[in-house]
Structures are given as C-alpha cells and as structure tokens.
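Worksheet for the structure shown next.
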Amino acid sequence: MLPGSLRAILDCAAHPADDRQSAIVYCEGNFARIDGKTANGLVRSSERYRILSVIDSTLTGEDAGIALGEAAAGIPIVADLTAALAATDDLPDVLIFGLAPLSGLMSEADRAVVLAAVAAGIGVVSGLHEFLADDPEISAAALASGVSLHDIRRPRPTKHLRMFDGAIDSVDCVRIAVLGTDGAIGKRTTSTLLTQALNDAGIHTVMVGTGQTGLMQGAAYGVALDAIPAQFGVGELEGAVLAAYEGEHPDVIVIEGQGALSHPAYLSSTVVLRASRPQAVIMQHAPARRMLSDYPAVRMPSPLSEIKLIELFGKTTVIGLAINHEDMSEAEVTAAIARYKVELGLPATDALWHDPSALVGMVTAAFPALQARQPLAMA
C-alpha cells in the first residue's frame, strides 16, 4: 500500500497553501484501468490541480485512492458531472479529461460531457491528440461561456521547434531515464516517486516530463513527445533537459520514459535515449502482464531482452527494476524481487507498495558520489 507519509509528501508538501486550481477528473468507465492512466496519475499526485472528484459511473461511491489499491485519497468517485457539481460548494476551475485511449480521440459521450462542462462555466484541460480549441463547436461554446480550453499536447509552432544540436553533452549532472517493457506500465509514477525520494534524501533532483499526464501533474520541464513531428522530437526533449539543468542546476535529472524500446508501435523510447543520453536507466516491468496492453496479440518482452536492447541502443546501463504489481499479491511481488536479483543481478522494488527509498539506493549504488550530497543522518 502507498505509505501515508508518501501521500502527504506528494499531495501537501509542495503546495502548503493549496493554491492549485480545483478540478473534476472525467474518466468514465476506465478509472484504475490502463486507459484511465491520466486520471490515475492525477489522483496519486498533482502540484497543479486540487482534485475534487473523479467521474466514473462504474465505481460510484468509492474513494479514488482505495479504487487504485492504495490509501484513501479523500477524493470521491461520482456517477456524472451533475453529481460532481453537487458534491462541491464552489464551481470547479476545470474539468480534466482523464482518459488516455489508444486513439487519442473523444467518443460522442465524452464530447457531450465536455460541452456540458463548458456550458456550466468550467474550463477544460485535455491531453488528447484532437485539440479542443480547433473544434468549432467546443471553441465557440467556450468563447460564449468565457472559459479557457487547455490542449496539453499541442506543440509549439513548427517554426519554433528545436533540432538536436548536441547541447546535451553540456549537461553536467547525472541523468536517469525511467524506461519500461510496455506502455501504460508505471514509468511516470516511478519517475515522480524517484524524483521526490531523491530530493527527500538531500539529492537535488528535477524531473523532465515526456507525456501529457506528467505535464498536467505539474512537471516544470518537459514536452509531450508523441505530439511533436519526428524530425524535432529529439531536439525538443534535448532542449527540455537543457532547460532543467540551466534552470535548477540539479544533482540528478530524471527523464520520464514513454512506450518501450522494443514496442512495435511506439517510438518515444528511442527519442528519450537519443535526446537525454542517460548514464543510467531504471526499468519498469509488470511481471504478471503476459501481452502488450494495447496489442493483446503481441507477447511482453522479458526483462532481460529489454535490458540488453536498452543498453545496446542507448549505450547506457540499467541499474534496477521497478515492479508494477498489477494482478499480483504482495507475496508474489516479494518473490519477483528476489528472483530478479538472482536472475538479472539487479535490485528491484515496488515503489508503491514498498518504501521509495529503495529507488534512492539503486541510484546511490550506481553513483556513489551522490551519497556525499545527502545529509549525514541519511548518508
């Protein structure tokens, strides 16, 4: 289960005055499932939004944290927008589209909820591939209601996009990418937990987000990689890592991965490795997942095969495994951790069920000089 102290860190410490925008998250039929990963992530942590409720009629009445198999979050799951508005005294600032379907598109039912929110005077935040502001009906409704539409995935104009130029070689700090064996497997969650745990250990760390959910959660640096033309993807991410280094001068930069290097359909992991040139990788794996999440006819790669591919292609080193415990018991997770230590010679942990300090141990074991940055009580 998620340690109570960790939830306090993620949800409170970063914004003691809680001046975040208030938000309802729409995730009909998919909360706590793979296509609900945006909503799942926002419930777990968000520096930008204060989540009031989640809309999913299939889980009405449950607490969102408990539905994720974690500690209670104090965020109710409600049946529809009407119920969400009835549960709060003040009009929410935004409705967040919390679904992340493979198509990146809205259904007609989804569209009706977006239009209802706009009509009620609520702004909408979306990470879809179809942009709300480009939709004549939705944009006209927003203009009439005086609300804003935020398309998180919209890239900068092409004339302003950046080509790779090798500036990453000037980034003089440890760079760690969190990659995985599939999409929607927990790379963003592990990146967030690793970043917080390293900072708690006295190692100044900044996360660079590469997807819409990380940017919604509040990542100060990053790009939505899958929305950028291929020619510019490496340069745009290189620029984001460079900006994080120049803006924060951290000891460590954590780069959120996307997809999987071996995945037959997704190319983003190649961009992450080329753009950030990480000295190390923590790899996310779901031991109980047999087939790829969006391609059920394709078998999952083994951890060993993915490690070999990452290390060869990226000229880097995998320093540990982060386990996604879907469809596993705690005993099975414990057994998997022991098995991978023997089979792969690598430390492994489940950062949601176990203390995230184990992730810190992976990093400091690989980079002993970072231990000197820790307070004496933690070193």
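Nothing fancy with the numbering, it's 1 onward along the sequence.
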Within-4.5 Å side-chain heavy-atom neighbours: [X] and [Y]:
X    : Y    : answer
I138 : L149 : yes
K187 : N324 : no
V174 : I253 : no
F367 : V252 : no
V241 : I168 : yes
L225 : V272 : yes
H263 : L292 : yes
E236 : M163 : no

Side chains of [Y] and [X]: any donor to acceptor distance under 3.5 Å?
X    : Y    : result
D151 : S126 : no
T192 : T195 : no
H204 : D251 : no
Q258 : S269 : no
Q217 : S46  : no
Y266 : D294 : yes

Worksheet entry | Parallel, tilted or perpendicular, as decided by the 30° and 60° cut-offs, for the rings of H285 and Y340 |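 Geometry flag for H285 against Y340: perpendicular rings.
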Do the side chains of [X] and [Y] get close enough for a salt bridge, i.e. N-O under 4.0 angstrom?
X    : Y    : result
D327 : R289 : no
D169 : R277 : yes
R20  : E47  : no
D226 : R153 : yes
R162 : E238 : yes
R154 : D134 : yes

Discussion item. S57 vs T60, test: side chain to side chain donor-acceptor pair (under 3.5 Å). Steps then yes/no.
Written reply: CA-CA 5 Å; S57 64; T60 300; 5.6 Å; no
Discussion item. On the six-membered ring of F313, is R274 placed so that its NZ or CZ lies under 6.0 angstrom from the centre and within 45° of the ring axis?
Written reply: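 So R274 does make the cation-pi contact.
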Cluster overlap [X] with [Y], hydrophobic side-chain contacts below 4.5 Å:
X    : Y    : answer
I337 : L304 : yes
L242 : V271 : yes
Y245 : V223 : yes

Discussion item. Applying side-chain contact (heavy atoms from CB on, under 4.5 Å) to V281 and E311, what does each step give before you reach the verdict?
Written reply: CA-CA 9 Å; V281 169; E311 293 186 339; over 6 Å; no
If you look at every heavy atom in [X] and [Y], which pair is closest and at what distance?
X    : Y    : result
A244 : P250 : O-CD, 3.8 Å
G257 : T210 : O-OG1, 3.8 Å
L128 : G104 : CB-O, 3.3 Å
R188 : G214 : CD-N, 3.5 Å
P155 : F131 : CD-CZ, 4.1 Å

Practice prompt. Kindly determine whether M283 and T181 satisfy side-chain contact (heavy atoms from CB on, under 4.5 Å), including the steps that lead there.
Written response: CA-CA 7 Å; M283 195 179 78; T181 51; 3.8 Å; yes
Practice prompt. Determine, stepwise, if the pair T349 / I323 fulfils side-chain contact (heavy atoms from CB on, under 4.5 Å).
Written response: CA-CA 6 Å; T349 189; I323 291 177; over 6 Å; no
Fill in: Residue pair L42, I96: steps toward the side-chain contact (heavy atoms from CB on, under 4.5 Å) verdict
CA-CA 10 Å; L42 288 166; I96 300 175; 3.7 Å; yes
Worksheet item: Out of L105, T38, D110, which residue meets the side-chain contact (heavy atoms from CB on, under 4.5 Å) rule with L99?
Response: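 In the set L105, T38, D110, the residue that makes a side-chain contact (heavy atoms from CB on, under 4.5 Å) with L99 is D110.
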